[in-house]
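A quick write-up on the structure given underneath.
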Amino acid sequence: MPQVWFRPYVWMDYRLTLLFALIIPLILLIWAFVQKSEGIQCLLMIYWRVASLLAITAYLMIGGMAVSFISGLIARFLIPISLWFWVDLNDEIEYQPNSLLKLVFTSWRWAMTLYCALGIIGLAPFVGCGFSGNALKTPYCSVWLEAPLMFKEYFHHNSKPALLGFLGIIALIVYMAYLSYFVMIKLGKKGRSSTQ
């Protein structure tokens with residue numbers, strides 16, 4: 001495959017996603033359960049529901065689905081919203097006594113928001129890859145598929161990319177149906193009660 005100048009930045013983006021979107025929030029969720037911090041627990045559970053779109057995007061990319069570029073961009077847009085939208089949770093976290101958990105959680109929340117904003121800017125030039133199967137075959141677009149394909153080799157070695165892509169499409173349909181239901185029906189409730 002021909003070299004593209006931004007390949008190291010794409011791989012850095014995947015590494016940062018692994019750190020900010022998976023490892024740190026998982027540690028924070030466990031920590032919040034141990035510390036019995038209900039506000040942080042609730043906000044992190046909301047985060048995991050929304051951030052599951054990143055995992056769906058990875059499976060779509062394994063299958064070589066162009067829609068993965070759109071779902072990846074939408075995920076980076078929805079994640080900061082999920083972290084800041086809930087006024088009652090924000091107030092509860094703000095009024096908690098100062099602790100290391102609160103400091104680390106607040107720092108991660110700001111860092112994740114900044115990371116998603118930069119990710120939207122970085123991924124925006126590649127949105128065209130999401131509208132054309134031919135563009136997806138060019139090095140300009142296919143460089144984004146390298147890390148998901150490596151993930152496939154590690155965790156789904158004997159599976160066909162087409163099957164994993166199909167599972168990604170099914171997951172995307174379920175995700176969009178749940179998101180539509182949530183926005184149209186449950187969001188009208190007040191505060192955290194709409195997430196239960």
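Note: hydrogens, waters and symmetry copies are ignored here, and every other heavy atom, side chains too, is used.
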request  = Would you kindly confirm whether Leu114 and Leu28 end up in one hydrophobic cluster when ILVMFWY residues are joined by side chain heavy atoms under 4.5 Å apart?
outcome  = no

Distance (rounded to the nearest 0.5 Å) between Glu38 CD and Gln41 CD = 6.5 Å

query = Phe69 and Phe126: aromatic ring centres closer than 6.0 Å?
reply = no

ask   = Are Leu172 and Met176 side-chain neighbours, meaning at least one heavy-atom pair lies under 4.5 Å?
value = yes

message = Can you give me the closest heavy-atom contact between Val4 and Pro139, atom names plus distance?
response = CG1-CB, 3.8 Å

key: Check: Leu54 and Leu22 side chains under 4.5 Å, non-hydrogen atoms   = no

note = When rounded to the nearest 0.5 Å, the distance separating CG of Leu179 from OH of Tyr175 is 5.5 Å

query = Could you state the interatomic distance from CE (Met12) to OG1 (Thr17), rounded to the nearest 0.5 Å?
reply = 10.0 Å

request  = Could you list the residues that satisfy side chain to side chain donor-acceptor pair (under 3.5 Å) with Glu94, not counting sequence neighbours?
outcome  = none

query = Shared ILVMFWY cluster between Tyr14 and Ile121, side chains joined below 4.5 angstrom?
reply = no

task = Taking the side chain as every heavy atom from C-beta outward, state whether Leu53 and Ile79 have any atom pair closer than 4.5 Å.
result = no

task = Find out whether Leu103 and Asn98 are in side-chain contact, i.e. whether some heavy atom of one side chain is under 4.5 Å from a heavy atom of the other.
result = no

query = Side chains of Pro161 and Lys152: does their closest heavy-atom pair fall under 4.5 Å?
reply = yes

task = Mind listing the closest non-hydrogen atom pair of Lys137 and Ser142 along with its distance?
result = O-OG, 4.4 Å

ask   = Does Asp13 reach the main-chain N or O of Gly119 with its side chain, forming a donor-acceptor pair under 3.5 Å?
value = no

task = Decide whether Gln96 and Ser37 meet the rule of one side-chain donor and one side-chain acceptor closer than 3.5 Å.
result = yes

ask   = Among Leu164, Leu18, Ile62, whose side-chain contact (heavy atoms from CB on, under 4.5 Å) with Phe151 holds?
value = Ile62

query = Are more than 12 heavy atoms from other residues, nucleotides or ligands located less than 6.0 Å from atom OH of Tyr140?
reply = yes

message = I want to check something: taking the side chain as every heavy atom from C-beta on, are His156 and Leu163 in contact at a cut-off of under 4.5 Å?
response = no

message = Is there a path of hydrophobic side-chain contacts, each under 4.5 Å between heavy atoms, that joins Ile24 and Leu26?
response = yes

key: Transitive ILVMFWY side-chain link Tyr95 to Leu100, under 4.5 Å   = no

inquiry  = Under the rule for side-chain contact (heavy atoms from CB on, under 4.5 Å), what residues qualify as partners of Val127, not counting sequence neighbours?
reply    = Ile70, Leu73, Phe131

query = What distance do Tyr59 atom OH and Leu167 atom CG have between them, rounded to the nearest 0.5 Å?
reply = 8.5 Å

note = In short, side-chain hydrogen bond (donor to acceptor under 3.5 Å, both in side chains) pairs touching residues 64-74 with sequence neighbours left out are Thr57-Ser71

message = For the CD1 atom of Ile56 and the CE atom of Met65, what is their distance to the nearest 0.5 Å?
response = 13.0 Å

message = Quick check: closest heavy atoms across Gly72 and Leu123, and the distance to 0.1 Å?
response = C-CD2, 3.9 Å

query = Considering all heavy atoms of both residues, which atom of Cys116 and which atom of Pro80 are nearest to each other, and what is their separation?
reply = CB-CG, 3.5 Å

SG on Cys129 to CE on Met61, rounded to 0.5 Å = 8.5 Å

ask   = Can you list the residues that meet the side-chain contact (heavy atoms from CB on, under 4.5 Å) rule with Pro25, with sequence neighbours excluded?
value = Leu44, Tyr47, Trp48, Trp108

query = Hey, does Leu118 have a side-chain heavy atom less than 4.5 Å from the side chain of Arg76?
reply = no

key: Residues in side chain to side chain donor-acceptor pair (under 3.5 Å) contact with Trp110, at least two apart in sequence or another chain   = none

message = Closer than 3.5 angstrom, by distance alone: can the side chain of Arg109 be matched with the main-chain N or O of Leu83 as a donor-acceptor pair?
response = yes

Closest non-hydrogen atom pair between Glu146 and Trp11, with its separation = OE1-NE1, 3.0 Å

message = Can you give me the closest heavy-atom contact between Leu89 and Gly39, atom names plus distance?
response = CD2-O, 3.9 Å

task = May I ask whether Ile23 and Phe155 are part of the same hydrophobic cluster, defined by side-chain heavy atoms of I, L, V, M, F, W, Y residues being less than 4.5 angstrom apart, directly or through others?
result = yes

request  = Just jot down the side-chain contact (heavy atoms from CB on, under 4.5 Å) partners of Ile93, sequence neighbours excluded, or say none.
outcome  = Ile40, Leu43, Phe105

